[in-house]
2 protein chains.
Amino acid sequence: MRSREKLTHAMADLLWEDGYAATSPKRVLTRAGVGQGSMYHYFSGKHELAVEAIRELADQYVENSSVLDEDAPPLDRISRYLMQPRPGLRGCKVGRLTQDPQVFADDEMIGLVAGAFDVALSKWTKVIDEAIACGELPAETNSTQLAMTLASVLQGGYVLARAYRSQKPMDEAIAGAISLLNTAKSQAAASTE
Amino acid sequence: MRSREKLTHAMADLLWEDGYAATSPKRVLTRAGVGQGSMYHYFSGKHELAVEAIRELADQYVENSSVLDEDAPPLDRISRYLMQPRPGLRGCKVGRLTQDPQVFADDEMIGLVAGAFDVALSKWTKVIDEAIACGELPAETNSTQLAMTLASVLQGGYVLARAYRSQKPMDEAIAGAISLLNTAKSQAAASTE
DNA sequence: GTCTATATTTCGATAGAC
DNA sequence: GTCTATCGAAATATAGAC
């Protein structure tokens, strides 16, 4: 691996774990296993390196949402995506960054985060619209709102998991959301009879 | 106001805004308008001051959940609590702290956060159980799970609001959750007919 | 390209005057 | 109790050798 890549990977890791403020250039260098000169050769400083690292995290996040595009009944895809294994205690690679004060204050960095959510939310909206079209969800369903709700359950699940230092609250939150969706499903089925 | 209080208020403010790592004792002193000696007179250092400040934030959070205890139909209380005005861009006073690496790593600080959520979640569970008892929600509803789900929608709403630097995604997420609850309500009504 | 040495500033804490 | 002066360590960045 090239020094440049080692640096962005190390920075991405540390951003996810420790946040921007607590991640010093020195720690990045140590973890990457390169000298100080390499970093200032490729990047103008901590900020530029962080931007590159966030780009990497955002790309990974988008890749993970591909389940929503698969070829299966819409509600199945939704459940499957909701139930994907998630590291509740570490937090969402992208969502965590929104709560990082330095990231939030920086137009470029928060822009990358918003861009990642944009991609995922448009997939959510699409699959919900498909569920409505094939009668798996009530016709009155507002797909934009429901997409936000489901994305929020995941993001909020991470918050509760970290508060309790346990995966369980997050799993329960997700199970509760799936129950609500199933209730909506039977409602939709009843109204088409 | 006493110096001690000025210090804890300033620290609470800065913790909420900028997080633990980025909040230096000097900034706290400046904002509180006291000298350096005062801080080390009352507190052993930054950590002890932060613990005291988090205690303050946790108390404020718990106070805000009192709507759930009021005297009104359970689902009304739930909707009202969900629709309470919230500063999406600033984030939740308590939830934000779970994503702060230094807070998360500290037993005492994260314990205070978990304690605040405990109080709120038990209120959520109670009001949901009451809704089930009076037929406003289906009998099969798992109140623990639904409590986690609703708390997650709020916490996740803050995440989306900050990602987009807009209150709107949070409001939509909450509206979507209320729609799901209303669907469940009509389901419950139908099954008792 | 990659390294080490070093400069400058800020951090967190202590000392000691009043 | 509250203040200012100051310390030692770490953060961020630059200089310059190889």
Side-chain angles (χ1 to χ4, degrees), chain A residues 1-56 96-97 99-110, chain B residues 1-57 97 100-110 112:
Chain A
M1 209 181 346
R2 280 185 280 276
S3 282
R4 191 193 167 88
E5 285 175 295
K6 286 190 202 161
L7 285 162
T8 50
H9 287 175
M11 180 51 124
D13 251 32
L14 287 167
L15 267 184
W16 189 17
E17 275 175 37
D18 297 340
Y20 187 87
T23 298
S24 68
K26 185 165 192 179
R27 294 189 61 213
V28 181
L29 299 174
T30 306
R31 177 165 304 204
V34 303
Q36 199 150 9
S38 294
M39 173 180 146
Y40 287 99
H41 173 70
Y42 289 112
F43 304 97
S44 64
K46 179 182 174 179
H47 179 266
E48 197 175 296
L49 174 52
V51 169
E52 194 70 15
I54 290 177
R55 219 181 293 278
E56 195 176 295
R96 277 269 314 268
L97 296 172
Q99 307 302 304
D100 191 306
Q102 279 76 28
V103 172
F104 179 68
D106 185 279
D107 289 349
E108 201 175 358
M109 297 198 275
I110 201 71
Chain B
M1 207 185 342
R2 281 184 279 275
S3 282
R4 191 194 166 88
E5 286 176 295
K6 285 190 203 163
L7 285 163
T8 52
H9 287 175
M11 181 50 123
D13 251 31
L14 288 167
L15 267 184
W16 189 16
E17 276 177 34
D18 296 342
Y20 187 86
T23 297
S24 68
K26 185 165 192 180
R27 295 190 59 213
V28 180
L29 300 174
T30 307
R31 177 165 305 205
V34 304
Q36 198 150 11
S38 295
M39 173 180 146
Y40 287 99
H41 173 72
Y42 289 113
F43 303 96
S44 64
K46 179 182 174 178
H47 179 266
E48 197 174 298
L49 173 53
V51 168
E52 193 71 17
I54 290 177
R55 220 181 293 278
E56 196 176 294
L57 290 169
L97 296 172
D100 191 305
Q102 278 75 28
V103 173
F104 179 68
D106 186 277
D107 288 350
E108 200 175 0
M109 296 200 275
I110 202 69
L112 290 168

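None of these values were measured; they are calculated from a predicted model. Throughout, a chain's letter reflects where its sequence line sits, starting with A, and its residues are numbered from 1.
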Taking every non-hydrogen atom, the tightest pair across Tyr40(B) and Gly45(B):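 Distance-wise, the nearest heavy atoms are CE2-CA, 3.8 Å.
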With heavy atoms of chain A within less than 4.0 Å as the criterion, where does contact along DNA chain D begin and end?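 Result: dA11(D) to dT14(D).
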Length of the CZ-C1' vector between Arg27(B) and dA13(C), whole Å: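 In whole Å, dA13(C) C1' lies 19 Å from Arg27(B) CZ.
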Separation of Lys46(A) atom NZ from dT9(C) atom P, in whole Å?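 So the NZ-P distance, Lys46(A) to dT9(C), works out to 18 Å.
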Sequence neighbours left out, what pairs pass salt bridge (Lys or Arg N to Asp or Glu O under 4.0 Å) with at least one residue falling in residues 34-46 of chain A?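 Every pair satisfying salt bridge (Lys or Arg N to Asp or Glu O under 4.0 Å) with a residue in residues 34-46 of chain A: there are none.
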What residue pairs, at least two apart or across chains, pass side chain to side chain donor-acceptor pair (under 3.5 Å) with a residue in residues 101-110 of chain B?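 Sorted pair list: Arg165(A)-Asp107(B), His47(B)-Asp106(B).
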Does anything in residues 14-21 of chain B reach DNA chain C, meaning a heavy atom under 4.0 Å, and if so which residues?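 Heavy-atom contacts with DNA chain C come from no residue of residues 14-21 of chain B; none.
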What pairs with [X] under side-chain contact (heavy atoms from CB on, under 4.5 Å), at least two apart in sequence or on another chain?
X	value
Glu17(B)	Asp13(B), Arg31(B), Arg90(B)
Phe43(A)	Arg4(A), Leu7(A), Thr8(A), Glu48(A), Leu49(A), Glu52(A)
Ala53(A)	Met11(A), Ala12(A), Leu15(A)

Please tabulate, one pair per line, each protein N/O and nucleotide N/O from nucleotides 4-8 of chain C that are separated by under 3.5 Å, including the distance.
none

His41(A): which residues meet the side-chain hydrogen bond (donor to acceptor under 3.5 Å, both in side chains) condition with it, sequence neighbours left out?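 Here no residue qualifies.
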Looking at residues at least two apart in the chain, or sitting in another chain, which of them share a salt bridge (Lys or Arg N to Asp or Glu O under 4.0 Å) with Asp18(A)?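 For Asp18(A) the salt bridge (Lys or Arg N to Asp or Glu O under 4.0 Å) partners, ignoring immediate neighbours, are Arg27(A).
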